[in-house]
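As C-alpha cells, the structure follows; a few thoughts come after it.
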Amino acid sequence: MSDATIHYLRRQLSEDAARRPVLVILHQETSSPGKLGQMLQAKGYPLDIRRPRFGDPLPETMADHSGAVIFGGPMSANDTDDFVKREIDWINVPLKEEAPFLGICLGAQMLVKTLGGEVKSHCEGCAEIGFYRLDATPEGAAMMDWPSHVYQWHREGFDLPKGATLLARGELFQNQAFSIGPAAFGVQFHSELTYAMACRWTVRGAERMNLPGARPRPDHMAKWFRYDPPVRQWLDGFLDSWIARDGRARSAQAGEAGASTTAKSVVSSQSRIASS
C-alpha cells in the first residue's frame, strides 16, 4: 500500500468524529490487546473489551461497533468448551454483515472453523515460538508491504478455507494470513505483542521453548528490536486498510444510490404526467 493511499485512508477515517468502538475479545483475565489496542485508541476508536470465557455476552449485531478482533489464547479452536463453540458460531455475525473482523492466532483458527476448515497440529509435532520468516503471496503483496519476520506462539495451524485468499506464507506452518469477503482477515502471528508482553510470555511459557522448532528465549529478545519496528509499521497501515474495507459502508452507499435513482425516476414520471 502506497504512502499516498495510507494518507488518504487516514484522512477519510479522521473525518468520522463519532467513531463506534472496536469489539475486542480476549481469553484470559490478564490478557491485553497490546499495541493493536493502543493503535486503535490512538486512531480514535474506543475499545469494547469482552471475555466470553468468563461470561461476557457477545452482540447480536455489529451495528454498534466499527469492527471486531478475536485474540489468541492457550486453548484450541478444537476444544469442546461452550465459550469456544459460542465464539466460533458468533463469527458469522460480522461475516454476514460484512463488518471488519480480524482473528489473531486462536482467533484466526476460530475463523477457519467457522468457514468449515480444519485446525490441526504440525505433521512433525513442530511449534513456532519466536520470530520466523514471513513471505507475502502475490495477492498479499498487491494489498500492502509485509514484514519479513513476525512473532509466533502456536503449535497448531490451519487449512486455507474454501473461498479464502492466502496473503502470506510461513516457514513451518504455510498458511499465515488470509482474507475472506470484503473485510474479514485471519493472521496466525502476533503483531499485537509489546516487548513487555514478550518478556512475560517467554518467562511464564518457558517450557514451550523446548518444543521442536521453537526458538530459545535469548533469540526472542535479541531479535525483538530488529524485527518489531517493521511489524509495528505494518500493523498501523493494516488497521487503516482493515477499517476502510467495511462492507457495510458500500452497502449503504449502494442503497443511497438506488434511492436517489428511484427518486429521480419518480420526479421524472410526475413531470411527464403534469405536462400531459
Requested in this report: Compare all side-chain heavy atoms of Leu26 with those of Val24 and state whether any distance is below 4.5 angstrom.
Outcome: yes
Query raised in the report: Does atom CG of Asn210 have more than 12 heavy-atom neighbours, drawn from other residues, nucleotides or ligands, at distances under 6.0 Å?
Result: yes
Requested in this report: Mark yes when over 12 heavy atoms from residues, nucleotides or ligands other than Arg226 sit less than 6.0 Å from its CZ; otherwise mark no.
Outcome: no
Query raised in the report: So if you build clusters from Ile, Leu, Val, Met, Phe, Trp, Tyr with side-chain heavy-atom gaps below 4.5 Å, do Val187 and Tyr151 land together?
Result: no
Query raised in the report: According to the interplanar angle, ranging from 0 to 90°, do the rings of Phe83 and His27 count as parallel (below 30°), tilted (30 to 60°) or perpendicular (above 60°)?
Result: tilted
Query raised in the report: Does CD in Glu29 sit with more than 12 non-hydrogen atoms of other residues, nucleotides or ligands closer than 6.0 Å?
Result: no
Report task. Look only at the side chain of Glu97 and the backbone of Met62, and say whether a donor-acceptor pair between them is shorter than 3.5 Å. Result -> yes
Requested in this report: With the side chain counted from C-beta on, respond yes when Trp242 and Phe185 share a heavy-atom pair under 4.5 Å apart, and no when they do not.
Outcome: yes
Query raised in the report: If you look at every heavy atom in Ala68 and Trp90, which pair is closest and at what distance?
Result: CB-CH2, 3.7 Å
Report task. Compare all side-chain heavy atoms of His65 with those of Val22 and state whether any distance is below 4.5 angstrom. Result -> no
Query raised in the report: Hey, mind stepping through Val69 and Leu23 against side chain to side chain contact (heavy atoms under 4.5 Å, CB included) and telling me if it holds?
Result: CA-CA 6 Å; Val69 186; Leu23 179 64; over 6 Å; no
Report task. Could you state whether Met144 and Leu166 fall into the same hydrophobic cluster, counting links through intermediate Ile, Leu, Val, Met, Phe, Trp or Tyr residues with side-chain heavy atoms under 4.5 angstrom apart? Result -> no
Query - Side-chain heavy atoms of Pro230 within contact of His149, under 4.5 Å - result: no
Query raised in the report: More than 12 heavy atoms of other residues, nucleotides or ligands under 6.0 Å from CZ of Arg217: is that the case?
Result: yes
Query raised in the report: Can you check whether Trp201 and His220 have ring centres sitting under 6.0 Å from each other?
Result: no
Report task. Could you check Arg245 against Ile243 for side chain to side chain contact (heavy atoms under 4.5 Å, CB included), going step by step and ending with a plain yes or no? Result -> CA-CA 5 Å; Arg245 292 172 183 269; Ile243 291 290; over 6 Å; no
Requested in this report: Taking Asp48 for its side chain and Pro21 for its backbone only, find out whether a donor-acceptor pair lies under 3.5 Å.
Outcome: no
Query raised in the report: Quick one: does Asp79's side chain have a donor or acceptor within less than 3.5 Å of a partner on Asp81's backbone?
Result: no
**Report entry** Arg215 to Tyr132, cation-pi by 6.0 Å centre distance and 45° axis angle
**Finding:** yes
Requested in this report: From the options Gln176, Glu171, Arg169, select the one residue that forms a side-chain contact (heavy atoms from CB on, under 4.5 Å) with Phe173.
Outcome: Gln176
Requested in this report: Return yes if some donor-acceptor pair links the side-chain N/O of Arg51 with the main-chain N/O of Gln28 below 3.5 Å, else return no.
Outcome: yes
Query - Residues Glu128 and Gln188: side-chain donor-acceptor under 3.5 angstrom - result: no
Query raised in the report: Minimum heavy-atom separation for Leu160 to Asn175, with atom names?
Result: N-ND2, 3.3 Å
Query raised in the report: Heavy atoms, side chains only, cut-off 4.5 Å: are Thr30 and Arg200 in contact?
Result: no
Report summary line: Pro161 and Val112 have their tightest heavy-atom pair at CG-CG2, 3.9 Å
Report summary line: CG (Leu36) and CZ (Arg232) are apart, to the nearest 0.5 Å, by 11.0 Å
Query raised in the report: Can you name the closest pair of heavy atoms from Phe158 and Ala108 and give their distance?
Result: CE2-CB, 4.2 Å
**Report entry** Flag side-chain contact, heavy atom, 4.5 Å: Ile25 against Glu87
**Finding:** yes
Report task. Output yes when a side-chain donor or acceptor of Ser66 lies under 3.5 Å from a complementary backbone atom of Arg20, and no otherwise. Result -> yes
Query raised in the report: Does Met39 reach the side chain of Leu235, with side-chain heavy atoms less than 4.5 Å apart?
Result: yes
Requested in this report: Decide whether Trp234 and Leu193 are clustered together by the hydrophobic rule: side chain heavy atoms of Ile, Leu, Val, Met, Phe, Trp, Tyr closer than 4.5 Å, transitively.
Outcome: no
Report task. Kindly work out whether a path of hydrophobic side-chain contacts (I/L/V/M/F/W/Y, heavy atoms less than 4.5 Å apart) joins Met75 to Leu111. Result -> yes
Requested in this report: Give a yes or no answer on whether the side chain of Asp228 reaches the backbone of Phe225 with a donor-acceptor pair at less than 3.5 Å.
Outcome: no
Report task. Work out which heavy atom in Gly34 is nearest to a heavy atom in Met197; give both atom names and the distance. Result -> CA-SD, 3.6 Å
Report task. Would you confirm whether the ring centroid of Phe131 sits within less than 6.0 angstrom of the ring centroid of Trp224? Result -> yes
Query raised in the report: With a 3.5 Å cut-off and no angle check, do the side chains of His190 and Glu192 form a donor-acceptor pair?
Result: yes
Report summary line: Tightest non-hydrogen contact, residues Ala77 and Leu106, listed as N-CD1, 3.5 Å
Query raised in the report: Counting only N and O atoms by type, is there a donor-acceptor contact under 3.5 Å from the side chain of His154 to the main-chain atoms of Glu156?
Result: yes
Report task. Evaluate whether atom CZ of Arg155 has more than 12 neighbouring non-hydrogen atoms of other residues, nucleotides or ligands under 6.0 angstrom away. Result -> no
Requested in this report: Could you please spell out the steps behind the side chain to side chain contact (heavy atoms under 4.5 Å, CB included) verdict for Phe101 and Ile70?
Outcome: CA-CA 8 Å; Phe101 174 83; Ile70 296 185; 3.7 Å; yes
Query raised in the report: Cys105 versus Phe71: any side-chain heavy-atom pair under 4.5 Å?
Result: no
Query raised in the report: Pick from Ile88, Leu95, Asp159: which one makes a side-chain contact (heavy atoms from CB on, under 4.5 Å) with Leu115?
Result: Leu95
Query raised in the report: Do Val84 and Leu102 share a hydrophobic cluster (ILVMFWY, side-chain heavy atoms under 4.5 Å, transitive)?
Result: no
**Report entry** From Leu167 atom CG to Ser179 atom OG, the distance as rounded to the nearest 0.5 Å
**Finding:** 4.5 Å
Report task. Rounded to the nearest 0.5 Å, what's the gap from OG on Ser191 to CD1 on Ile104? Could you check? Result -> 5.5 Å
Requested in this report: Without swapping roles, check the side chain of Thr114 against the backbone of Ile91 for a donor-acceptor pair under 3.5 Å.
Outcome: no
Query - Derivation of the salt bridge (Lys or Arg N to Asp or Glu O under 4.0 Å) call for Asp236 and Lys35 - result: CA-CA 10 Å; Asp236 186 49; Lys35 61 175 175 279; over 6 Å; no
**Report entry** Ring centre gap for Phe238 and Trp146 strictly below 6.0 Å
**Finding:** no
Report task. Please check if any side-chain donor atom of Asn78 sits under 3.5 Å from a side-chain acceptor atom of Lys120, or the reverse. Result -> no
**Report entry** Carboxylate-amine/guanidinium contact Lys223 Asp219, below 4.0 Å
**Finding:** yes
